[in-house]
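These values consider heavy atoms only, across backbone and side chains, with no hydrogens, waters or symmetry-generated copies.
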Amino acid sequence: MSNEKMISTIILTNGHEERLKSSIDSIINQDYPNKELIIVSTKSSEVLDEYETNPMIKIHIKPELSGSKVRDFALNQVEGEYIFFIDPQDILLNDQSLSQLYKDMEDNDSNFLATAFITLRDGLFYFGEPQKDVNPITADDYWFYFVKIREIRPIYGKLFDKEILNYLNIDIQSDQQFVKYLILNAKNPIFDKKESGKYVWFDTDERQSLDLDRNAIPIPKYLSDVSIEKDDIDECINIAICIDDNYCQHINPMVYSIEKNTREKVRIHIVYYKLKAKSLENIIKLSELLTNVELKLCKVREYQYDWLSKFKENNLPTEAYFRLLLPELLPDVKRILYLDVDMLVLDNLGELYRTDLGNNILGVVRDFPFTNDKNSWSYFLLGKFGNRYFNSGMLLMDLVAMRENNIVRRFMEFILKTSQHYLLGDQDAFNIFFFYNVKILEDRYNYIAENQKILQKTNLEVTVMHYCGYSNPKPWLIYNDGSKYVQPAIRLYREYQRKVNKLLTANAPKVLVVVQETRHSNNLNQIIEGIDYQNYGNYEVAFVPLRENSNAEILKNNYSQITIIKSRSDLEKMIENADYFYYMKDTSYFSEWDAISILIDSIIEKDADYIIASHQIFSMKHGNYQVRSESKKIIDISDKKLGDLIIEKPIIFTQNEGFLIKKEILKKSNSSISRDMPDATIHSRIFNNAKRKYLYDRSLWIKVDFEN
């Protein structure tokens, strides 16, 4: 290492720190050959006196200096090409630390390096996870480093080229501002975590905090040069939704809610890359149903998708960024209202769409579950501005301004450089990049369903209801949270879902789901929730209660759409009005939101009289699932005897539930659901009277076993 440039290490001290001697010795003992140590102290001390004759050390006692003046004085004393700060309470890990840091910087063609800290607390070392590489710090993501990584904030633990200071023409008081200046003026600045760090930081209560100084390190203005001209707004309300095949199956309720509740002309641009024929068929059928809403398909091109796919390296979903292409995909649209698929529109959108955005690019709504909690991610990310953190599921976007200011490409480049720092993916990206360019709108325009649980108040008088949140209140999932405040919103969504799906399948047969109550009534909500979230549009539920100790009335209070059977004639009337019959007990529940739809499609496709589905068993005693292998095929069992099937597949054919049959088969069997007749007898009669019988070898329901 004979040709290495000199490194000037600086210690700023009061001369009396407990570990000052250890700190000085850790620098003296470094094997890096070309070095000097500059110590600037406000006081003299016996420790400093020990090193007065060491030719490598220059000691300056400056009681008249304080604050940044001490730092600036020290910088003016250095003779080396490189500078390294170390706190008088800290040490370097070993004698090779400085050499290794210098090599890491040189290997990365950098002139600024911040090293990770190894914490020493109560006599124990705390190492981070061992790393092999260093991370680049860019002008786009330096702020994230300051927010998330404490080692970036202090001046110590930094190795940098003295030449960077040649550009320093302002008085910088804060050390954090000084570090920021170094990063922004450095060549290829890096954060070095190799071997989990080489700088040992002593953690004690007396030490100055490493908290972020948000006044010194404010959120960068990534769009400081944006110019916005007032322009006319489209007469037609333009809405964009971004989908793939998975999301396409959930668009019907949201689109239908717009049709029912927005009185103005609406054009919905459905942005996609690839869709299966089934998804496209659903969109066509939905379009034929609408009178006030026009659906327009908008395909993302190959090169655009490839561009967006770069984000997959950072575990961000490609479809989440389709909305960023809207200025390019819709060149003739001036303003767009982007909506997530998991929403209902419950009031006219005209007022929202025509909101005056002022000099802003986006209209947004605060993400209340975060902004309401000062210990949440939003406050960690934005500090005192955590109450401005917005939910990106609804964005009112000025497409004209985005096109004129080349926002799409600038935002994409920003995401590529910063996405490794996100917790909430694209939502974090929107919040930081557009922080100074958003108008905060009323909560009713993106009212998160989970708000109702937080506020302990059901509120359906909103414009846009958004079914997102940490409790995952997706209406197409079983909602186990059970919040009495959120549940009405969940049911409202499902009502829209059933209505629109019934209209889409006008000739769909009616299914009667009969639930028989058992003594294991503590599973009752699970089974009813499993039925309630079904997407099939034309079904009814009949609940056959126990004669004694029934929970029927409680059930009626919570699920008004369920008919409580009080007599055999009541059930027979409901059977008479149905086309198909499905029987289950209250120890079982559907595990798929489209289970009824799947069974109906299958029984119609095969022109069958009877179809039974595979299932899983959950043991309450052991707390686990019994899962058998499934072929996922529809198997013809018309020529099989029930006895043989019981021997061959006992788990399926001894349950006496989980089957869908035509009403005529029930009549022909001279059977009704009765507590006076054993289940096995009922099932045997039904099975033997059906001619075309099938097994759908896919688990569509779960039986809860309370005993075994």
Please determine if [X] and [Y] form a salt bridge, counting it only when a charged side-chain N lies under 4.0 Å from a carboxylate O.
X	Y	result
R444	E351	yes
R267	D234	no
R498	D532	yes
R354	E264	yes
R366	D443	yes
D356	K230	yes
R410	D225	yes
K417	E413	no

Going through the checks in order, is the side-chain hydrogen bond (donor to acceptor under 3.5 Å, both in side chains) test met by Y422 and T418?
CA-CA 7 Å; Y422 304 158; T418 62; 2.5 Å; yes
Would you indicate whether Y247, at its atom OH, is surrounded by more than 12 heavy atoms from other residues, nucleotides or ligands within a distance under 6.0 Å?
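Counting other residues, nucleotides and ligands, OH of Y247 stays at 12 neighbours or fewer.
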In terms of heavy-atom contacts, does NZ of K474 have more than 12 from other residues, nucleotides or ligands at under 6.0 Å?
yes
When Y389 is tested against each of D428, D367, T371 for side-chain hydrogen bond (donor to acceptor under 3.5 Å, both in side chains), which residue passes?
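Looking at D428, D367, T371, the match for Y389 under the side-chain hydrogen bond (donor to acceptor under 3.5 Å, both in side chains) is D428.
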So [X] and [Y], would you call those rings parallel, tilted or perpendicular, with 30° and 60° as cut-offs?
X	Y	result
H421	Y145	perpendicular
Y273	Y305	parallel
F414	F433	tilted

Taking atom [atom1] of [X] and atom [atom2] of [Y], what is their separation to the nearest 0.5 Å?
X	Y	atom1	atom2	value
F368	S376	CZ	OG	11.0 Å
M412	L308	CE	CG	4.5 Å
D342	M465	CG	CE	12.0 Å
R698	K632	CZ	NZ	6.5 Å
C298	I268	SG	CD1	13.5 Å
I361	L223	CD1	CG	5.0 Å

Consider only side-chain N and O atoms of S483 and Q452, and report whether a donor and an acceptor are under 3.5 Å apart.
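Absent: no donor and acceptor within the cut-off.
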Suppose we call two aromatic rings close when their centres sit under 6.0 Å apart. Are Y479 and Y533 close by that rule?
no
Counting N and O atoms only, with roles assigned by atom type, does the side chain of Q534 sit under 3.5 Å from a partner on the main chain of E592, one being a donor and the other an acceptor?
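Yes, because the side chain of Q534 sits within donor-acceptor range (under 3.5 Å) of the backbone of E592.
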Tell me whether N535 contacts the main-chain N or O of W476 through its side chain, where contact means a donor paired with an acceptor under 3.5 Å.
no
Is the Lys NZ or Arg CZ of R301 less than 6.0 Å from the centre of W307's six-membered ring, within 45° of the axis?
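The answer is no; the distance or angle limit is not met.
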Donor-acceptor contacts under 3.5 Å from residues 329-336 side chains, at least two apart:
{"unit_1": "R335", "atom_1": "NH1", "unit_2": "Y353", "atom_2": "O", "d": "2.7"}
{"unit_1": "R335", "atom_1": "NH1", "unit_2": "T355", "atom_2": "O", "d": "2.7"}
{"unit_1": "R335", "atom_1": "NH2", "unit_2": "T355", "atom_2": "O", "d": "3.3"}

Under the ring-ring contact (aromatic ring centres under 6.0 Å, His included) rule, collect the residues that match up with Y436, sequence neighbours excluded.
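With neighbours one apart ignored, the set is empty.
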